[in-house]
Amino acid sequence: MYTLSSKLKLTAIIFMIVGAIGLVIGFLQAPSNLDDVREMMAAEEHHGETSHAEEGEANFAEAEHGMLLDDEPGRNAEGDHAAEAGAHDTEHLEHKLHQLQNKPWAAIYVAAFFFFMISLGVLAFYALQYASQSGWSPVLFRVMEAISAYIVPGGIIMFVLLALSGFHLNHLFVWMDPKVVAHDEIIQNKTAFLNVPFFLIRAAIFLAGWFLFRHFLVRNSRRLDEATDNYYFKKNFKLAAGFLVFFLISESIMSWDWIMSLDPHWFSTLFGWYVFSSMFVSGITVIALVSIYLKSRGYLPFVNNSHIHDLAKYMFGISIFWTYLWFSQFMLIWYSNIPEEVVYFISRIENYGLPFFGMVVLNFLFPLLVLMNSDYKRVNWFVVMTGIVILIGHYLDVFNMVMPATVGESWFIGIPEISAVLFFGGLFTFVVFSALTKAPLLAKRNPFIKESEHFHY
């Protein structure tokens, strides 16, 4: 039985407290009106950046000067020009205000979704092991069950964030703003699907389904330990098969709702698979990292280098799969050069060049070069190093999917982003390692447990 160390527990709590304080600071630093935005933009100009607001003010001053010097017809023309410049200035400031107000909300959303998708990816991988009746993995089942435990608090947090968006406490989902929809024909044509009540109903159905499947899968696994036959194993086999069908459908729609609808004018037919590949490889990576940590503490003596080797193979293989989907989505849209499609990538390349191409290096080139050699997959510190890089890369992946639509060009990695990662990382660690204390670390009655214990590649 695993015992949660007071040091690990305290570290997780400290991360959560520091993260919560940082998020409060992030919200307090966000501008509350146009005057605050003007001050922030003036400070940027002081460091060598010229703001659109000040250009507007300069135009207004020039127009006013022209009104004093020119004759009456000229003054009217210059006055109209000044009014247009002032209106443009105000519109730009309002746009900037919404972006900066969105920044702490978007930081929370990115981190909340990132850690939630890890637990959901692990749950899918866990169900896949039961459905395929894999013989190598049962010694890792308790680790998978513990990581998937975060799906409940993480899912509740995600639903609260979605509901707060529906109640207009932020501007993350532009299609939820009636003023925008009233002047946007494309969004109007999607309102049968993109409306707040149906949006939240879908989210509630998906979360309830994932919660219930996880509850019954884990409950049957625990009951199997005390059973005298394989009745609960057979039940989990059927449950896992049903869950995978439900998961493939619900995950695709979830990715459209929670991520793709942030850019309501854009769509990709393989976006569901793209998000799935990111959550799947991130989940498997966390399984490897937690297993290596527990093994280093002497808690998983039955896990050998062959199990870590197989997890590393999945990390390598799914990283290649993610790259295939990323390139397919990018290449086909970029090559066709249809304006309403290619704008998605133009905004990311122009304003998010470093994280956009950086995540390709972290999620593809680094795992490719490090994990291609079979021997390296057995070296724990190689797997840990690669796993950390992969997780950073897929955080950036979620960052690139969310931030351009919510924050636009006003992004930077600051207090809200770092604090959100600390808070949700601390919560994730606390929940996962607390769940590990709830049951023995070996699923002793699984019919494949002996095969798994003696697994060698």
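Within the 4.5 Å cutoff, side-chain heavy atoms of L442 are placed close to those of E453. The closest side-chain heavy-atom distance from F113 to V402 is not below 4.5 Å. Taking 4.5 Å as the limit, some side-chain heavy atom of F302 sits within range of a side-chain heavy atom of L441. Contact annotation: the side chain of L436 approaches that of L294 to within less than 4.5 Å [non-hydrogen atoms, C-beta and beyond]. With a 4.5 Å cut-off on side-chain heavy atoms, L391 and F114 count as touching. Between M359 and Y352, the closest side-chain pair of non-hydrogen atoms is not below 4.5 Å. Residues T285 and H394 have side chains not in contact (no heavy-atom distance under 4.5 Å, counting atoms from C-beta outward). Put simply, the side chain of D310 reaches to within 4.5 Å of the side chain of F455, judged on heavy atoms.
Aromatic ring centroids of F364 and W326 lie 6.0 Å or more apart. Between F428 and F115, the gap from one ring centroid to the other is short of 6.0 Å. Aromatic pair W334/F345: centroids not less than 6.0 angstrom apart. In this structure, W105 has its ring center under 6.0 Å from that of F27.
Ring pair Y126/F141 is perpendicular by interplanar angle, where above 60° counts as perpendicular and below 30° as parallel. Note on ring orientation: taking the six-membered ring where Trp is involved, the planes of W210 and F246 are perpendicular (angle over 60°, cut-offs 30° and 60°). Taking the six-membered ring for Trp and thresholds of 30 and 60 degrees, W175 and F173 have ring planes more than 60 degrees apart, a perpendicular arrangement. Classified by interplanar angle (parallel below 30°, tilted 30° to 60°, perpendicular above 60°), the ring pair F330/F356 is tilted.
What you find for L207 and G155 is that their closest heavy atoms are CD1-O, 3.5 Å. Listed here is the closest heavy atom pair of I415 and G22: CG2-O, 3.3 Å. Across L422 and G19, no two heavy atoms sit closer than the pair CB-CA, 4.1 Å. For A420 against A107, the heavy-atom pair with the smallest separation is CB-O, 3.4 Å. Here the shortest heavy-atom pairing between M260 and F267 reads SD-CA, 3.6 Å. Of all heavy-atom pairs between P138 and A443, the closest is O-CB, 4.3 Å.
Of the N and O atoms on the side chains of H307 and N304, at least one donor lies less than 3.5 Å from an acceptor on the other residue.
For the pair N102 (side chain) and H171 (backbone), a donor-acceptor distance under 3.5 Å is present. Of the possible polar contacts, one joining the Y109 side chain to the W258 backbone as a donor-acceptor pair under 3.5 Å is found. With H215 contributing its side chain and F211 its backbone, the two residues share no donor-acceptor pair below 3.5 Å. K295 contributes a side-chain N or O that, together with a main-chain N or O of V303, makes up a donor-acceptor pair within less than 3.5 Å. Side-chain N or O atoms of D263 include none that pairs as donor or acceptor with a backbone N or O of A405 at under 3.5 Å. The backbone N or O of S452 sits nowhere less than 3.5 Å from a side-chain atom of W136 that would complete a donor-acceptor pair. Judged by distance alone, the side chain of N400 and the main-chain N or O of P355 form a donor-acceptor pair under 3.5 Å. Within the 3.5 Å criterion, the main-chain N or O of Y274 finds no donor-acceptor partner in the side chain of Q329.
More than 12 heavy atoms of other residues, nucleotides or ligands shown are found within 6.0 angstrom of CH2 on W411. Applying the 6.0 Å contact sphere to CZ of F193 captures more than 12 heavy atoms from other residues, nucleotides or ligands. Counting heavy-atom neighbours within 6.0 Å of H168 NE2, excluding the residue itself, gives a total above 12. Other residues, nucleotides and ligands contribute only 12 or fewer heavy atoms inside 6.0 Å of the CZ atom of R297.
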Subject >> side-chain contact (heavy atoms from CB on, under 4.5 Å) between I157 and F424, worked out >> reply: CA-CA 10 Å; I157 291 171; F424 287 102; 3.8 Å; yes
**OP:** Could you please spell out the steps behind the ring pair (Phe, Tyr, Trp, His ring centres under 6.0 Å) verdict for F280 and F321?
**Re:** CA-CA 10 Å; F280 207 51; F321 178 58; 8.8 Å; no
**OP:** Let me see the working for N170 and S165 under side-chain hydrogen bond (donor to acceptor under 3.5 Å, both in side chains), right down to the final yes or no.
**Re:** CA-CA 6 Å; N170 56 61; S165 298; 3.0 Å; yes
Subject >> From CA spacing to verdict: side-chain contact (heavy atoms from CB on, under 4.5 Å), S221, R142 >> reply: CA-CA 9 Å; S221 174; R142 292 292 188 253; 2.9 Å; yes
**OP:** Before giving the answer on side-chain contact (heavy atoms from CB on, under 4.5 Å), spell out for W273 and Y324 the whole-Å C-alpha distance, their side-chain angles and the decisive distance to 0.1 Å.
**Re:** CA-CA 11 Å; W273 284 106; Y324 162 74; over 6 Å; no
Original post:
Going through the checks in order, is the side-chain contact (heavy atoms from CB on, under 4.5 Å) test met by I292 and W381?
Top reply: CA-CA 9 Å; I292 292 172; W381 73 268; over 6 Å; no
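Between E145 and R222 there is a salt bridge, since at least one side-chain N of the basic residue sits less than 4.0 Å from a carboxylate O of the acidic one.
Atoms CD1 and CG, from I388 and L289 in turn, are 6.5 Å apart once rounded to the nearest 0.5 Å. For the atom pair OG (S119) and CE (M144), the distance works out to 14.5 Å, reported to the nearest 0.5 Å. The structure places CE of M279 at 15.0 Å from CH2 of W322, a figure rounded to the nearest 0.5 Å. Here F247 contributes atom CZ and L128 contributes atom CG; the two are 10.0 Å apart, rounded to the nearest 0.5 Å. Atom CG of L162 and atom CG of D257 lie 8.5 Å apart (nearest 0.5 Å). Here CD1 of I318 is found 11.0 Å from OG1 of T323. Values are rounded to the nearest 0.5 Å.
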Which pairs of donor and acceptor atoms, one on a side chain in residues 181-189, lie under 3.5 Å apart (sequence neighbours left out)?
| unit_1 | atom_1 | unit_2 | atom_2 | d |
| --- | --- | --- | --- | --- |
| H183 | ND1 | K179 | O | 3.0 |
| D184 | OD1 | I186 | N | 3.1 |
| D184 | OD1 | I187 | N | 3.1 |
| D184 | OD1 | H265 | NE2 | 3.1 |
| D184 | OD2 | H265 | NE2 | 2.6 |
| Q188 | NE2 | V181 | O | 2.7 |
| Q188 | NE2 | A182 | O | 3.1 |
| N189 | ND2 | E185 | O | 3.2 |

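A cation-pi geometry, defined here as NZ or CZ lying under 6.0 Å from the six-membered ring centre and within 45° of its normal, holds between K103 and F412. Annotation: cation-pi geometry not satisfied between R445 and F233 (NZ/CZ under 6.0 angstrom from ring centroid, within 45° of ring axis). The cationic atom of R348 (NZ for Lys, CZ for Arg) lies less than 6.0 Å from the six-membered ring centre of Y344 and within 45° of the ring axis. A cation-pi arrangement is present between R202 and F198 under the rule of less than 6.0 angstrom and at most 45 degrees off the ring axis.
Residues passing the side chain to side chain contact (heavy atoms under 4.5 Å, CB included) test with I21 are I17, I25, sequence neighbours excluded.
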